[in-house]
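Hydrogens, waters and symmetry mates play no part in the numbers below; they use all other heavy atoms, side chains included. From a predicted model like this one, the values you see are computed outputs, not experimental measurements. In the text below, chain A, chain B and the rest are named by the order of the sequence lines, each starting its count at 1.
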Amino acid sequence: MIGIKSYGAYVPLHRLDRSEFFRAWGGIFGMSIPGEKAVANFDEDSVTMAVEAAIDCINGTDINEVDGLFFATTTSPYKDRLCSGIIAMVLDMRRDVRTMDVTGSLRAGTTAIVSAIDAIKAGTAANIMVTAADTILAAPAGDFEQAFGDGSAALLLGSDNVIASVEGSYSVTDEFAGMWRTSDDTFVRSWEDRMILDKGYSSIMPEVISGLMNKYGLTTKDFTKMVCDSPLDVRRHARLARELGFDESQVQDPMFMTVGNTGCALAMMMLVAALEEAKVGDKILFASYGNGADAFVLEVTPEIDKLGYRRGMKNHLASKKSLRNYETYLRWRRLVAIERALRPELGPTTIAGQWRDRKLILGLWGKKCQACGTPQIIQGATLGMGTPTRVCINCQAKDQFEGYRFSDKKAKIFTFTQDHLADTLDPPAVITTVDFEGGGRAIFDMTDRDPDEVSVEMPVEMTFRKLYYDAPRGIHNYFWKTRPVRC
Amino acid sequence: MPEGIKDKVCIVGMGCTKFGENWDKSDADMMVDAAYEAYEDAGIEPKDVQAAWLGTCWGMTATMLSVALKMQYKPITRVENACATGAEALRNACYAVASGAYDVALAIGYEKLKDQGISGLGGTAITTGVASAMTAPGAFAMLATKYFARYGLSPSEGKRMIAEIPVKNHRHGSLNPKAHYQRQITVEQVLNAPMIAWPLGILDACGVSDGAAAAIVVRAEDAKKFRPDPVYIKALQICVGPAEGQMSQVYDYTHLEETYRAGQMAYEEAGIKNPRQEISMAEVHDCFSITEAVIMEDLQFSPRGRVKEDIEAGTFNLDGELPVQPDGGLKCFGHPIGASGLRMMYEMYLQLQGRAGPRQIKNPQLGLTHNLGGFPHLSVISCNIAGL
């Protein structure tokens, strides 16, 4: 039986109330669009959000049992660089892991799922993780800007102990694109909305869902839940359900009021939300739209009750903080030029040094001395470089170390500051010196924090973030930060 | 047990430029000014200098000095140890004459920070992209945060305690025509200054300055040929940490282990048993107000956790029991990195010779200089002692 073995999701901490867009730009016909949207922090992107969901998903599974990682996004930080390779390194996946970045369509997430199922069916892989994340930008002052939100989800697919089996699938491909970006575009482009909706979502989704039901001899009444992503105009989502004959109680909320449209991650995030509420035996219709559509029949198994704690959708949604204002959003998304702090410029990034320190930088691997048992890490917060630990800080034994991962350890703030001079898009920079449970100390920037709530002894956890972009060399510099324990 | 440097080497001439925003002076101008003042003070000609040690944090090779002074094919070494650079230049020059390799050596340090167009100390090194956004004020602010928490001071009590330090240092510096800043400040101004890194405000931070300072060193037995009142080197110590403060939970973040150990080594080399009684005066690395506070404890001028009592009693004032920063310190005199260690020794030298004018301390016997290169959690510390 092939299906979903585990799930995870991530919603950024910050939410922006849509009235803030109205305040800034006024509204269409003088009306404000209701609800709020999830906004990635300035140090988050699709890669870091995919990592968050993947870590949530992998909880309780040995990472060495995962044979593949497929990363779906339409907002990759790189045109030419394998982001699933970066994520696999962060997750400590095997050297022979199969990786793939899937992009180019809003249904990239379900495209990746179809491929994963095929590989598992063919027997070339036992378990594959699919993670999807998006941070799509629309130009300021339009409706689209208000509709998009940021988020991610991850599914672990395999053939044993599945919590929801994939009973069947059906896909169609259509050349028609209601939304697109060229390789040079920052913002999404579209066409007159009635045409793209009528000939796009509102034609193709009914086609694929009817096709699926015909193929497997099912009717709308056979499904407990209809989990379909939505176009930017969320009213078309309700219309799709109505016209297909689904009852309102069967329809999974497309999260327009709470998160916004998270692009190719939306369908998977909605599926995670549905699985959080699912009962054994539930049948789920799962579909995603984009240059055609993919649809699946899922059936929930008794294994679902054995799945341990997940932050998932419910807990991440409940854990939130209001973004101060729209100006902060513009600043975080780098949509306005900001006066830079007159601080020393950061030096050139060394690819050679990053390659040597790849386990430290991406996995936050330190060392544990086998002579005295002291965990230790030196990430060069103040040096700007990692320094290989060859000699123990405690007993000076040479080369008697085993690897020791810090990213999953809880920690407490030993001391901190709010640095008002630091060059950051979210001043003041909160800097923390933290002591890890089990030993080890290091200095990290802190994110997703309220500066006024930071205190000595505060418990923190580690989160994978983008420190900064080295523009002259085109390198996104990822590393770990501390944050208050999220949920 | 090494013999140490005590009484083997003397300083017979020193020079120091005015520190500050020296827009109209280049680095070469300042090196010339400091070196020629030192030559004149020692009564020597440029050709008498047999070797030189140059301290500066940026640039490459010792040609920066040889070209500025047009030194005629002399052996010159460039040294760098962050904020301890100037002290390091002096230390190496002293060792060279003590060994007999040279009879007369020049130690000189400078920095031209204000040409960078930024605040702070600058510096751009290759990085693996993991650098924290933290600034130097941020790193030292963490020292204050922990000091206040450990000793039960509320943020306002803690800020008030350390605010007295820059007020004192400006009071001293206002008596010094070579100091970067020439005005006095009040506790209220310090407390109300804009925050730069909580809990430190802008007036808790030292000046960022241009400047140069120089010394002429000779062996002790030759010193009186140059002047009747040479100043004797009693100790030259450098202590470099292994990053225990950054990596190990052992470090308490309320002191600097490197400072404590450098002080211990210097006291031993100089034969000092009771620093508070025997040291007459000190110039220490008050890059931030909290730094001077914990240095007082690390150098054993004050008991651990009790520097507040000495600050309140005025112990470190010019007319106090143990004057600290008689020239205004980094705070008021300014901090051109490579020059600071030599600038501190310049003040000790003047004080020991009774040439410090309105700042003159009564009958000083031993003066201590202390530089801190780096951060609370990882530093290079110099601790030098000179006397009559």
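Summarising the local packing, CZ of Arg261(B) is surrounded by 12 or fewer heavy atoms from other residues, nucleotides or ligands at distances under 6.0 Å. Atom CZ of Arg81(A) is surrounded by 12 or fewer heavy atoms from other residues, nucleotides or ligands within 6.0 Å. Surrounding NZ of Lys308(B) are at most 12 heavy atoms belonging to other residues, nucleotides or ligands under 6.0 Å away. For NZ of Lys412(A), the number of neighbouring non-hydrogen atoms (other residues, nucleotides, ligands) closer than 6.0 Å is 12 at most. Few gaps surround CZ on Arg334(A); more than 12 heavy atoms of other groups in view lie less than 6.0 Å from it. For Arg473(A), the CZ atom sits in a packed shell: over 12 heavy atoms of surrounding residues, nucleotides or ligands are nearer than 6.0 Å. Other residues, nucleotides and ligands place no more than 12 heavy atoms under 6.0 Å from the CH2 atom of Trp355(A).
A donor-acceptor pair under 3.5 Å links the side-chain atoms of Thr417(A) to the main chain of Trp198(B), judged by distance alone. Side-chain N or O atoms of Gln249(B) include one that pairs as donor or acceptor with a backbone N or O of Phe436(A) at under 3.5 Å. A donor-acceptor pair is defined here as one N or O able to donate and one able to accept, closer than 3.5 Å; such a pair exists between the side chain of Asp419(A) and the backbone of Thr135(B).
For the side chain to side chain contact (heavy atoms under 4.5 Å, CB included) with Gln354(A), the lone residue among Val130(B), Thr127(B), Thr128(B) that qualifies is Thr128(B). Between Thr415(A) and the choices His377(B), Met142(B), Arg150(B), the side chain to side chain contact (heavy atoms under 4.5 Å, CB included) rule is met once, by Met142(B).
Interface remark: Leu421(A) contributes backbone and side-chain atoms alike to the contact with chain B (heavy atom separation under 4.5 Å). For chain B, the nearby part of Thr432(A) is the backbone; its heavy atoms alone come within less than 4.5 Å. For Tyr251(B), the parts sitting under 4.5 Å from any heavy atom of chain A are the backbone and the side chain alike. Heavy atoms of Asp470(A) lying under 4.5 Å from chain B are absent altogether.
Residue with the most contacts toward chain A among Ala149(B), Gly245(B), Pro137(B), Pro199(B): Gly245(B) (heavy-atom pairs, distance under 4.5 Å). Of all the listed residues (Ile351(A), Thr433(A), Val456(A)), the one sharing the greatest number of non-hydrogen pairs under 4.5 Å with chain B is Thr433(A). Across Ala442(A), Ala429(A), Gly439(A), Pro428(A), the residue that shares the most heavy-atom pairs under 4.5 angstrom with chain B is Gly439(A). When each of Ala352(A), Pro375(A), Ala422(A) is scored by its heavy-atom pairs under 4.5 Å with chain B, the top score falls to Ala422(A). Chain A forms the most heavy-atom pairs under 4.5 Å with one residue out of Leu200(B), Leu143(B), Thr145(B), Asp252(B), and that residue is Thr145(B). With chain B as partner, the option from Ile377(A), Val430(A), Thr424(A), Asp423(A) having the largest number of non-hydrogen pairs under 4.5 angstrom is Ile377(A).
The OG atom of Ser132(B) sits 3.5 Å away from atom CD1 of Ile431(A), with the distance rounded to the nearest 0.5 Å. Atoms CD and CD, on Glu345(A) and Gln116(B) in that order, are 10.5 Å from each other to the nearest 0.5 Å.
Side chains of Ser248(B) and Thr374(A) form no contact here, defined as non-hydrogen atoms less than 4.5 Å apart.
Listed here is the closest heavy atom pair of Met134(B) and Asp445(A): N-OD1, 4.3 Å.
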Pair Met247(B), Arg441(A) - check side chain to side chain contact (heavy atoms under 4.5 Å, CB included), show working. CA-CA 5 Å; Met247(B) 297 175 69; Arg441(A) 169 181 295 174; 5.9 Å; no

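Under the 30°/60° scheme for interplanar angles, the aromatic rings of Phe414(A) and Tyr253(B) are found to be tilted.
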